[in-house]
Amino acid sequence: MTLFRERRGNSMLELTGKTAIITGASRGIGKAIAMKLASLGADIAFLHFMDSENAAKTEQELSALGVRAKGYECNVADFEATATAINQVIEDFGEVHILVNNAGIVRDNLILKMTEADFDAVLSVNLKGAFNMIKNLYPHFMKKRRGRIINIASIVGINGNAGQANYASAKAGMIGLTKSVAKELGARNVTVNAIAPGFIHTDMTDGMPEKAREAALAAIPLKRAGEVEDIANLAAFLASDEAAYITGEVIKVDGGMAI
Ligand code: NAP
């Protein structure tokens with residue numbers, strides 16, 4: 001191993017020659033991750049579901065960065081649909097090196113008012129969606145003997161949150177999934193990590209009631225909401241060769257909210 005003997009003027013991460021699949025990249029955090037990885041040279045296949053207009057925009061903006069980029073309409077909660085989408089991506093792009101499980105929804109309510117359907121919907125998209133993607137890419141990663149899986153969890157999955165029992169359960173499940181798959185796939189040179197964002201400025205948090213937004217902001221030592229780029233920067237690092245020896249970790253990006 002060479003111990004930093006060469007001095008590089010620009011220590012930018014490099015993802016040229018890599019292909020990433022990112023779920024839920026029509027907007028928000030997923031789109032920022034797609035743009036960041038593409039800016040470092042990665043080709044991008046991304047999944048979207050309802051928002052085909054924004055997905056088309058994302059595809060154009062990614063292509064303008066000079067990489068191959070394609071959006072696939074797919075409900076991550078549907079096992080067969082994820083299998084079909086992944087097979088299509090492998091046919092279109094060849095090897096897949098990076099999987100980012102980002103697609104997520106909220107259906108907030110106190111348990112007293114939370115319906116069974118709200119609980120099931122959030123678990124199906126946020127947790128089972130990640131399982132579906134990992135399960136269907138697992139043989140590919142095993143065969144290639146390399147890969148990066150990055151799961152977008154939440155600090156709510158670590159600390160819990162009143163009014164988000166479904167979401168917190170799904171995100172806590174994602175953390176268990178991350179650690180288990182890290183143990184299963186480590187010998188195949190596949191790293192599996194989770195990012196736990198705090199309060200990030202996106203459509204998801206814009207939809208929160210004003211009082212809840214104010215309470216969230218007041219609880220952040222850095223005194224501001226995070227930006228999508230704050231999450232994308234860590235995702236890029238975890239996807240890069242520089243993070244080759246990090247696996248099974250849950251890394252908070254929350255301005256200190258969950259200290
Ligand atoms: P967002 O702006 O609401 O975007 C959600 C994305 O997920 C969209 O691209 C959406 O695609 C996609 N999606 C939703 N349901 C899907 C499904 N069934 N199949 C495929 N794609 C689906 O959310 P965000 O704030 O960027 O959040 C992204 C991730 O970060 C989520 O997992 C969220 O839980 C997590 N997170 C966010 C925050 C925050 O403060 N924003 C904090 C912690 C964790 P379509 O629009 O095409 O349906």
Side-chain angles (χ1 to χ4, degrees), residues 21-36 44-59 61-62 71-82 84-86 99-108 120-133 136 150-161 164 166-175 177-178 194-208 212-213 215-217 219-220 224-232 234-235 250-255 257-258:
I21 300 188
I22 303 165
T23 68
S26 56
R27 55 203 161 84
I29 291 171
K31 179 175 180 177
I33 293 172
M35 294 294 288
K36 178 73 187 185
I44 307 288
F46 70 91
L47 307 191
H48 60 94
F49 186 34
M50 306 296 270
D51 194 349
S52 47
E53 208 173 298
N54 271 325
K57 255 179 78 185
T58 300
E59 196 176 287
E61 288 173 38
L62 287 166
Y72 300 78
E73 192 179 307
C74 173
N75 176 5
V76 294
D78 180 336
F79 185 80
E80 290 306 325
T82 57
T84 305
I86 285 169
L99 165 65
V100 182
N101 284 310
N102 164 82
I105 58 168
V106 284
R107 295 278 187 278
D108 295 352
D120 287 347
V122 170
L123 269 287
S124 298
V125 175
N126 298 31
L127 179 56
K128 187 163 169 272
F131 165 78
N132 290 344
M133 295 298 295
N136 284 311
I150 300 164
N151 294 323
I152 308 301
S154 167
I155 57 164
V156 163
I158 301 169
N159 286 1
N161 198 23
Q164 290 198 304
N166 49 1
Y167 184 77
S169 303
K171 295 301 189 181
M174 254 185 140
I175 290 170
L177 180 68
T178 300
I195 299 177
F199 183 72
I200 311 298
H201 185 231
T202 66
D203 290 351
M204 190 178 268
T205 46
D206 286 352
M208 282 166 69
R213 284 174 55 79
L217 282 171
I220 301 172
R224 65 169 177 89
E227 300 299 333
V228 289
E229 291 81 5
D230 294 318
I231 310 303
L234 177 58
V250 182
I251 304 174
K252 291 181 282 182
V253 182
D254 68 345
M257 193 177 186

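Just so you know, ligand 1 is whichever comes first in the structure, and atom 1 is the first atom listed for that ligand.
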ask   = Where is the nearest protein heavy atom to atom 25 (O) of ligand 1: which residue, which atom, and how far?
value = Thr202 OG1, 2.5 Å
inquiry  = Within the 4.0 Å heavy-atom shell around His48, which atoms of ligand 1 are there?
reply    = 47 (O)
ask   = At a 4.0 Å cut-off, with the gap strictly under it, does some heavy atom of Glu73 reach an atom of ligand 1?
value = no
message = So is Cys74 touching ligand 1 or not, going by heavy atoms under 4.0 Å?
response = yes
remark   = Honestly, for Ala196 the part within reach of ligand 1 (heavy atoms, under 4.0 Å) is neither
query = Which protein heavy atom lies closest to atom 30 (O) of ligand 1, and at what distance to 0.1 Å?
reply = Ile152 CG2, 3.4 Å
ask   = In the protein, what heavy atom is nearest to atom 21 (N) of ligand 1, and what distance, to one decimal place, separates them?
value = Ala103 CB, 3.5 Å
request  = Work out which heavy atom in Ala196 is nearest to a heavy atom in Ile158; give both atom names and the distance.
outcome  = CB-CD1, 4.1 Å
ask   = What atoms of ligand 1 come within less than 4.0 Å of a heavy atom belonging to Phe199?
value = 40 (O)
Closest protein heavy atom (residue, atom, distance) for atom 48 (O) of ligand 1 = Met50 N, 2.9 Å
ask   = Taking C-beta and beyond as the side chain, do Val125 and Val76 meet within less than 4.5 Å on heavy atoms?
value = yes
query = Going from NZ on Lys57 to CZ on Arg27, what distance comes out if it is rounded to the nearest 0.5 angstrom?
reply = 12.0 Å
task = Please identify which atoms of ligand 1 are closer than 4.0 Å to at least one heavy atom of Thr205.
result = 39 (C), 40 (O), 41 (N)
message = With a heavy-atom distance limit of 4.0 Å, tell me whether Ile29 approaches ligand 1 through its side chain, its backbone, both, or neither.
response = both
query = Quick one: does Ile200's side chain get under 4.5 Å of Thr205's, heavy atoms only?
reply = no
query = Which one of Ser154, Ala77, Ala121, Gly198 has a non-hydrogen atom at the shortest distance from atom 42 (C) of ligand 1?
reply = Gly198
task = From atom 32 (O) of ligand 1, work out which of Asn54, Ile33, Asn102, Ile105 has a heavy atom at the shortest distance.
result = Asn102
ask   = Do Met50 and Asn75 come close enough that some side-chain heavy atom pair is under 4.5 Å?
value = no
message = Side chain or backbone, does Phe49 bring an N or O within less than 3.5 Å of an N or O on ligand 1?
response = yes
note = When every non-hydrogen atom of Leu123 is compared with those of Asn166, the smallest separation belongs to CD2-O, 3.5 Å
note = Among non-hydrogen protein atoms, atom 18 (N) of ligand 1 lies closest to Asn75 OD1, 2.8 Å
inquiry  = Below 4.0 Å, non-hydrogen atoms only: which portion of Lys171 touches ligand 1? Side chain, backbone, both or neither.
reply    = side chain
ask   = Gly24 to ligand 1: N or O pair under 3.5 Å?
value = yes
remark   = A student comparing Ala153, Gly28, Gly104 should find that the heavy atom closest to atom 44 (C) of ligand 1 comes from Ala153
query = At under 4.0 Å between heavy atoms, which part of Val76 makes contact with ligand 1: side chain, backbone, both or neither?
reply = both
query = Would one find an N or O of Pro197, backbone or side chain, under 3.5 Å from an N or O of ligand 1?
reply = no
message = Quick test: of every protein heavy atom, which one is nearest to atom 40 (O) of ligand 1, and how far off is it to 0.1 Å?
response = Ile200 N, 2.7 Å
task = Would you indicate whether the side-chain heavy atoms of Thr58 and His48 approach each other to under 4.5 Å?
result = no
message = A side-chain contact here means heavy atoms from C-beta on lying under 4.5 Å apart; do Ile33 and Ile152 qualify?
response = yes
message = Can you confirm whether Ile155 sits close enough to Phe199 that some side-chain heavy atom of one is under 4.5 Å from a side-chain heavy atom of the other?
response = no
request  = Would you name the heavy atoms of Ile22 and Ala34 that are closest together and state the gap between them?
outcome  = CD1-CA, 3.4 Å
query = Taking non-hydrogen atoms only, is Ser52 closer than 4.0 angstrom to ligand 1 via side chain, backbone, both or neither?
reply = neither
Check: Asp51/Asn54 side-chain N/O donor and acceptor closer than 3.5 Å = yes
remark   = Smallest heavy-atom separation, Asp254 atom then Pro197 atom, equals CB-C, 4.5 Å
message = Given Arg27, Lys31, Glu53, identify the one with the heavy atom nearest to atom 1 (P) of ligand 1.
response = Arg27
message = How far is atom 11 (O) of ligand 1 from the closest protein heavy atom, and which atom is that?
response = Ser26 OG, 3.3 Å
request  = Start with the C-alpha distance between Lys31 and Asp203, add both sets of side-chain angles, then the distance that settles salt bridge (Lys or Arg N to Asp or Glu O under 4.0 Å), and finish with yes or no.
outcome  = CA-CA 12 Å; Lys31 179 175 180 177; Asp203 290 351; over 6 Å; no
Region of Asp51 engaging ligand 1 - heavy atom pairs below 4.0 Å = both
task = First locate atom CG of Leu62, then atom CD1 of Ile44, and finally report the distance between them rounded to the nearest 0.5 Å.
result = 6.0 Å
key: Nearest-neighbour protein heavy atom for atom 36 (N) of ligand 1, which is reported as residue plus atom name and distance   = Tyr167 OH, 3.4 Å
Side-chain touch Asn126/Ile105, heavy atoms, less than 4.5 angstrom = yes
